[in-house]
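Heads up, the thing below is written out as structure tokens.
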Amino acid sequence: MDEIEVVNLTKDYGHGRGVFDVSFSVKKGEAFGFLGPNGAGKSTTIRHIMGFSKPQKGETRICGMESFSNYDKIMGKVGYLPGEIALPEGLTGTEFLGMMAELRGGADKARVDMLLKTFDLDPKLQTKSMSLGDKRKLAIVAAFMNDPEVLILDEPTSGLDPVMQQVFVDYIKQEKKRGKTILLSSHIFNEVEQTCDRISIIKDGFIVSTFETNSIRHNENKQFELFFKNKADFDRFAKSLPRVRLVKGNISRAGIKSLHPKELKILLAIKDKDANKLTELLSGYDLKSFQQVQFTLEDYFMQFYKEEKDFGGVQWKKKK
Ligand SMILES: Nc1ncnc2c1ncn2[C@@H]1O[C@H](COP(=O)(O)OP(=O)(O)OP(=O)(O)O)[C@@H](O)[C@H]1O
Ligand SMILES: [Mg+2]
């Protein structure tokens with residue numbers, strides 16, 4: 001049994017909106033990233049995992065407990081950071097934390113103080129007069145103050161400045177070392193890449209790829225930017241190789257990834273094992289320069305979100 005389980009979760013809001021047949025699981029001690037842009041279905045999935053919403057089909061479980069029927073137990077067990085923070089007005093930060101601690105059966109004062117210091121928050125402020133970042137920090141302290149074993153974080157750094165984003169990432173890395181199970185939704189590549197062991201990409205409510213973060217870093221593809229001297233050679237090269245097409249779940253693709261005619265630039269992906277054939281391949285063309293570029297999580301993600309359109313890649317089925 002995994003710590004967090006999502007099995008064929010479907011919630012259809014109509015007009016292709018919602019989540020469809022979403023499945024993934026997070027093992028104990030694992031950090032799992034849920035990556036997708038606005039409206040992809042991250043919060044919908046997370047709300048089901050937390051037990052706030054009943055699935056139309058499928059099931060979600062935390063520590064073996066079905067979410068919807070164990071909503072209260074789950075709230076007590078999980079450190080949850082909602083995507084949209086709605087704080088009650090007329091309270092100071094300290095009063096809000098006190099209220100949350102009471103709901104969860106108490107919190108260790110030394111731990112609360114440590115968190116306030118780490119995230120540089122003055123809890124004496126009224127929630128009403130807090131900035132967006134302060135509200136986020138207060139919700140972070142509330143989510144972590146009971147030292148929960150499972151952390152479910154929905155776009156945790158939205159509203160935080162870059163320095164605080166890094167403080168958050170470092171904190172999550174520490175929590176991971178302490179054996180916590182973490183589900184983190186985000187559209188920030190760097191944050192997910194730094195913290196997560198595995199990642200799912202969600203698009204239009206469907207999971208389109210699940211992979212180990214290391215498989216991006218140790219990808220068997222290499223990428224090169226080729227700059228041509230003239231349009232004729234650019235065109236000839238563009239026609240000589242296949243274009244990269246998407247295959248579900250496959251991240252090692254070889255061929256032309258993108259064409260940039262204005263700059264006479266081509267982005268080429270080749271397999272590691274074929275790297276030594278590159279000079280041979282390029283010898284028949286008039287090139288200004290070429291250089292290797294790192295393959296990143298963003299590159300991989302963009303294959304699903306950008307180049308699909310350019311290259312007519314696989315269209316993921318959308319339910320009507
Ligand atoms: N209660 C609802 N009723 C109708 N449609 C909804 C509801 N909740 C979400 N949706 C729709 O479902 C889709 C997924 O929304 P969701 O909030 O899960 O996206 P998200 O990935 O969290 O996006 P964001 O990054 O903006 O937070 C969107 O098209 C949204 O409009
Ligand atoms: Mg959301």
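Just follow the structure's listing: the first ligand is 1, and inside any ligand the first atom is 1. Remember, it's a predicted structure, so these values are computed and weren't measured experimentally.
Only side-chain heavy atoms of Arg47 come within less than 4.0 Å of ligand 1; its backbone N, CA, C and O stay farther off. With a heavy-atom cut-off of 4.0 Å, Pro37 touches ligand 1 through its backbone alone.
For atom 14 (C) of ligand 1, the closest non-hydrogen atom on the protein side is Gly39 O, 3.3 Å. Taking atom 17 (O) of ligand 1 as the reference point, the nearest protein heavy-atom neighbour is Ser43 CB, 3.8 Å. In this structure, atom 3 (N) of ligand 1 lies nearest to the protein heavy atom Tyr13 CD2, 3.4 Å. Among all protein heavy atoms, the one lying closest to atom 29 (O) of ligand 1 is Arg17 CG, 3.4 Å.
Checked against the 6.0 Å centroid threshold, Phe211 and Tyr300 count as a close aromatic pair. A centroid separation of 6.0 Å or more is found between the aromatic rings of Phe290 and Phe227.
Scanning all heavy atoms of the two residues, the minimum distance from Phe189 to Leu297 falls at O-CD2, 3.7 Å. Of all the heavy atoms in Ala238 and Leu259, the pair that sits closest is CB-CD2, 3.8 Å.
Put simply, no part of Gly83 is less than 4.0 Å from ligand 1, judged by heavy atoms.
Around atom 16 (P) of ligand 1, the closest heavy atom drawn from Leu35, Thr44, Val19, Asp204 belongs to Thr44. Considering Glu155, Lys42, His15 only, the shortest heavy-atom separation from atom 27 (O) of ligand 1 involves Glu155. Selection from Ile46, Asn38, Thr45 by nearest heavy atom to atom 26 (O) of ligand 1 gives Asn38.
No side-chain donor from either of Thr10 and Asp21 sits under 3.5 Å from a side-chain acceptor of the other. A donor atom on one side chain and an acceptor atom on the other are found under 3.5 Å apart for Gln194 and Asn190. Side-chain contact annotation: Arg198 with Thr213, donor-acceptor N/O pair under 3.5 Å absent.
Tested against Lys176 for a side-chain hydrogen bond (donor to acceptor under 3.5 Å, both in side chains), the candidates Thr181, Thr195, Asp197 yield a single pass: Asp197.
Of the polar atoms of Gly41, at least one N or O is found under 3.5 Å from an N or O of ligand 1, judged by distance alone.
For the Mg ion (ligand 2), the N/O/S atoms of Ser185 include none lying under 2.8 Å.
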